[in-house]
Q: 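Sharing a structure below in C-alpha cells format, with a few things to ask.
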Amino acid sequence: MASSVSTLSSVHDFTSKSSIDSILAEFNADNSSILSALIKELSKEVVVVEEASASELMLKEVRRDDEAYEMYNDYAFRKGFSIRKGLIRTSRRTSLWIMRRFLCSNSGFKDVKKETLRKYERSKLRTGCTAFIQFSITNDGFWTVVRHNMTHNHHMIPVDKRYLLRSQRDITGEQLKYLSAMKASGCRVSDVLRAMRKEVGGSPNLGFITVDASNALAAEKAMKLDGKDNNQLIRYFAQRQSSESDFYYDFELDEHGHLISFFWRDGRMKRDYEYFGDLLVFDTTYRTNRYDMICAPFVGMNHHCNNVVFGLGFGVSG
C-alpha cells in the first residue's frame with residue numbers, strides 16, 4: 001500500500017500525532033541550542049508520512065544483527081528512506097543482547113555544541129523523525145520484530161534518487177581493489193569512477209558515490225599504516241641515534257597519533273652536505289608502493305659528478 005502523506009500547520013496537531021514528548025526526553029533540558037532548534041522546527045509546516053496502514057515486518061524473525069539490518073534496509077529502500085543503527089539493550093545478568101533498534105536516518109537532532117568548525121556548512125538532515133523498528137532477542141538467538149513505528153516527519157525520496165541514500169551505498173571489496181590498483185598506477189580517482197559508471201550503465205548501478213570511494217581509499221591507507229611498523233621504525237631510529245652521535249631523525253603525528261611524516265640523516269650524509277651542499281635538489285616525485293607515502297630525498301652532487309644523498313624524508317600524501 002502506498003505511503004500516506006498529510007500536512008500539519010499547528011504545533012498542537014503535530015504533537016498529538018508524533019509524540020514530541022518522547023523526543024524531548026532524550027535531550028538535556030538545559031541544552032538551549034537543541035531546544036531552540038526543535039521549537040523552530042515545530043513552528044514550521046510539518047509533513048507527516050505513514051509508510052503503510054499496517055506493518056509487513058511485525059513478528060518477522062532473523063538470527064543475526066546484519067540480517068536484521070539488511071531486512072529493514074531493504075524495506076526502507078522500497079519506501080524511500082535511509083536507516084542507521086540505534087539502541088542496544090543488554091541483560092544485566094548475562095550481558096547478552098536482549099533488544100536492538102534500527103532508526104530512520106533522520107532520527108534525532110545534531111548537537112551543534114559538538115560540531116567542529118568547517119569552512120563549509122553541512123546539510124542538516126536530522127528532523128527528529130520517530131520511525132524505527134525494534135527486535136526482541138531470545139537466549140536462543142532469535143531476533144523477532146516486536147515494534148515498528150512507521151510515522152515519518154519528512155518526505156520520502158523518489159525512486160530515481162534512492163541510490164544516493166547513505167544506507168543503500170556500499171563499495172565492494174572487488175571495487176575497492178580495482179580503485180586502489182588504478183590509483184597506484186597513476187590514474188586519478190575521478191577518471192576511474194567515470195569509467196566504472198560507464199561500464200555498469202550509470203551512477204544508480206554503481207552502488208556508491210565519489211565520497212564513498214575517497215573514504216574507502218583513506219581507510220585502506222590508514223590500515224596499512226599500522227602501529228607495528230611505525231613503532232619498529234622509530235625504535236630503529238632511536239637505537240641508531242644512541243650509538244651514532246651524528247645520526248638525526250624527526251617525525252610528525254596527526255591528532256589521532258598516526259605517523260604522517262618522518263626524516264633522517266646519518267653522519268655520512270651530514271659530511272657530504274658540508275662538502276657539497278652548494279647544490280641541493282629536493283625531489284618529491286617518488287612514491288613507495290605499500291604505504292603510498294611520498295619519498296622526498298635531499299640530493300646533491302660530489303666532485304666526481306656522482307649523486308649524493310643529504311637526507312631523506314617520507315610523508316603521507318594529501
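Bear in mind the structure is a predicted one, so any value in this text is a computation, not a measurement. Residues take their numbers from the sequence shown, with the count starting at 1.
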Q: Should we count CD of Glu199 as having more than 12 external heavy atoms under 6.0 Å?
A: no
Q: Applying side chain to side chain contact (heavy atoms under 4.5 Å, CB included), run through Arg271 and Asp246 and close with a yes or a no.
A: CA-CA 9 Å; Arg271 289 189 296 273; Asp246 289 336; 4.1 Å; yes
Q: Under the criterion salt bridge (Lys or Arg N to Asp or Glu O under 4.0 Å), I'd like the reasoning laid out for Asp66 against Arg64: C-alpha separation, chi angles, the key distance, then a yes or no.
A: CA-CA 6 Å; Asp66 58 341; Arg64 300 194 309 270; 3.1 Å; yes
Q: Quick one: does Ile133's side chain get under 4.5 Å of Ile83's, heavy atoms only?
A: no
Q: Any link between Met156 and Tyr163 through a network of hydrophobic side chains (Ile, Leu, Val, Met, Phe, Trp, Tyr) touching at under 4.5 Å?
A: no
Q: Apply the hydrophobic cluster definition, ILVMFWY joined by side-chain contacts under 4.5 Å directly or through others, and give me every member besides Tyr248.
A: Phe263, Tyr273, Tyr275, Phe276, Leu280, Phe282, Phe298, Val308, Phe310
Q: To the closest 0.5 Å, what do you measure between CD1 (Ile137) and CG (Asp65)?
A: 7.5 Å
Q: Parallel, tilted or perpendicular: which fits the ring planes of His148 and Tyr72, with parallel below 30° and perpendicular above 60°?
A: perpendicular
Q: Side chains of Tyr75 and Lys60: closer than 4.5 Å at any heavy-atom pair?
A: no
Q: Do Phe247 and Leu233 sit in one hydrophobic cluster, given that two such residues count as connected whenever their side-chain heavy atoms are within less than 4.5 Å of each other, even indirectly?
A: yes
Q: Hey, is the main chain of Asn205 close enough, under 3.5 Å, to the side chain of Arg197 for a donor-acceptor pair?
A: no
Q: Taking NZ, NE, NH1 and NH2 as the nitrogens, is one of them in Arg78 or Glu56 under 4.0 Å from a carboxylate oxygen of the other?
A: yes
Q: Quick check for you: to the nearest 0.5 Å, what is the distance between Arg101 atom CZ and Gln134 atom CD?
A: 4.5 Å
Q: Any side-chain to backbone donor/acceptor pair from Ser82 onto Ser167? Under 3.5 Å, distance only.
A: yes
Q: Is it true that a side-chain atom of Asp140 and a backbone atom of Phe142 form a donor plus acceptor pair closer than 3.5 Å?
A: no
Q: With a 4.5 Å heavy-atom cut-off, do Gln241 and Trp264 have their side chains touching?
A: no
Q: Test side chain to side chain contact (heavy atoms under 4.5 Å, CB included) on Arg194 and Asp191 and set out the steps.
A: CA-CA 5 Å; Arg194 192 176 301 112; Asp191 294 335; 2.8 Å; yes
Q: Taking Arg84 for its side chain and Ser107 for its backbone only, find out whether a donor-acceptor pair lies under 3.5 Å.
A: yes
Q: Please report the closest heavy-atom contact between Arg265 and Gly311, naming both atoms and the distance.
A: CB-CA, 4.0 Å
Q: Please report the closest heavy-atom contact between Ala213 and Phe208, naming both atoms and the distance.
A: CB-CE1, 3.9 Å
Q: Can you see which heavy atom on Arg126 is nearest to which on Gly108, and at what distance?
A: CB-O, 3.2 Å
Q: Sub-3.5 Å donor-acceptor pair from the side chain of Gln175 to the main-chain atoms of Leu206, do we have one?
A: yes
Q: If you measure from SG on Cys129 to NE2 on His154, what distance do you get to the nearest 0.5 Å?
A: 3.5 Å
Q: Compare every heavy atom of Ala68 with every heavy atom of Trp143, then report the nearest pair and how far apart it is.
A: CE3-CB, 3.9 Å
Q: Drop me the distance from Asn73's CG to Leu165's CG, to the nearest 0.5 angstrom.
A: 8.5 Å
Q: In terms of hydrophobic clusters joined by side-chain contacts under 4.5 Å, are Tyr236 and Phe262 together?
A: yes
Q: I'd like to know if the side chain of Ser55 and the backbone of Leu57 have a donor-acceptor N/O pair within less than 3.5 Å.
A: yes
Q: Treating Ile, Leu, Val, Met, Phe, Trp and Tyr as nodes and any side-chain heavy-atom pair under 4.5 angstrom as an edge, say whether Ile98 and Phe135 lie in one connected cluster.
A: no
Q: Quick one: pull up OG in Ser91 and CE in Met99 and give me the separation to the nearest 0.5 Å.
A: 13.0 Å
Q: With sequence neighbours left out, which residue pairs that include part of residues 159-174 fulfil the salt bridge (charged side-chain N to carboxylate O under 4.0 Å, His left out) condition?
A: Arg169-Asp212
Q: I'd like to check Arg89 versus Trp97 (side-chain heavy atoms, cut-off strictly below 4.5 Å). Are they in contact?
A: no
Q: Are Thr151 and Glu50 packed together at the side-chain level, in the sense that at least one heavy-atom pair is separated by less than 4.5 angstrom?
A: yes
Q: Looking at CG of Leu259 and CZ of Phe314, how far apart are the two atoms once the value is rounded to the nearest 0.5 Å?
A: 11.5 Å
Q: Does some side-chain heavy atom of Val145 sit less than 4.5 Å from a side-chain heavy atom of Val62?
A: no
Q: In this structure, would Val299 and Leu312 fall into the same cluster of hydrophobic residues linked by side-chain contacts under 4.5 Å?
A: no
Q: Just wondering, do Asn153 and Thr130 contact through their side chains at under 4.5 Å, heavy atoms?
A: no
Q: Show your working on side chain to side chain contact (heavy atoms under 4.5 Å, CB included) between Leu193 and Leu179 and close with a plain yes or no.
A: CA-CA 8 Å; Leu193 291 176; Leu179 279 169; 4.0 Å; yes
Q: For the CZ atom on Arg268, are there more than 12 heavy atoms of other groups (residues, nucleotides or ligands in this structure) within a distance under 6.0 Å?
A: no
Q: Suppose we screen for side-chain hydrogen bond (donor to acceptor under 3.5 Å, both in side chains). Which residues come up paired with Gln239, at least two apart in sequence or across chains?
A: none
Q: How close do Phe81 and Gln168 get, heavy atom to heavy atom, and via which atoms?
A: O-NE2, 4.4 Å
Q: How close do Val189 and Lys183 get, heavy atom to heavy atom, and via which atoms?
A: CG2-CD, 4.2 Å
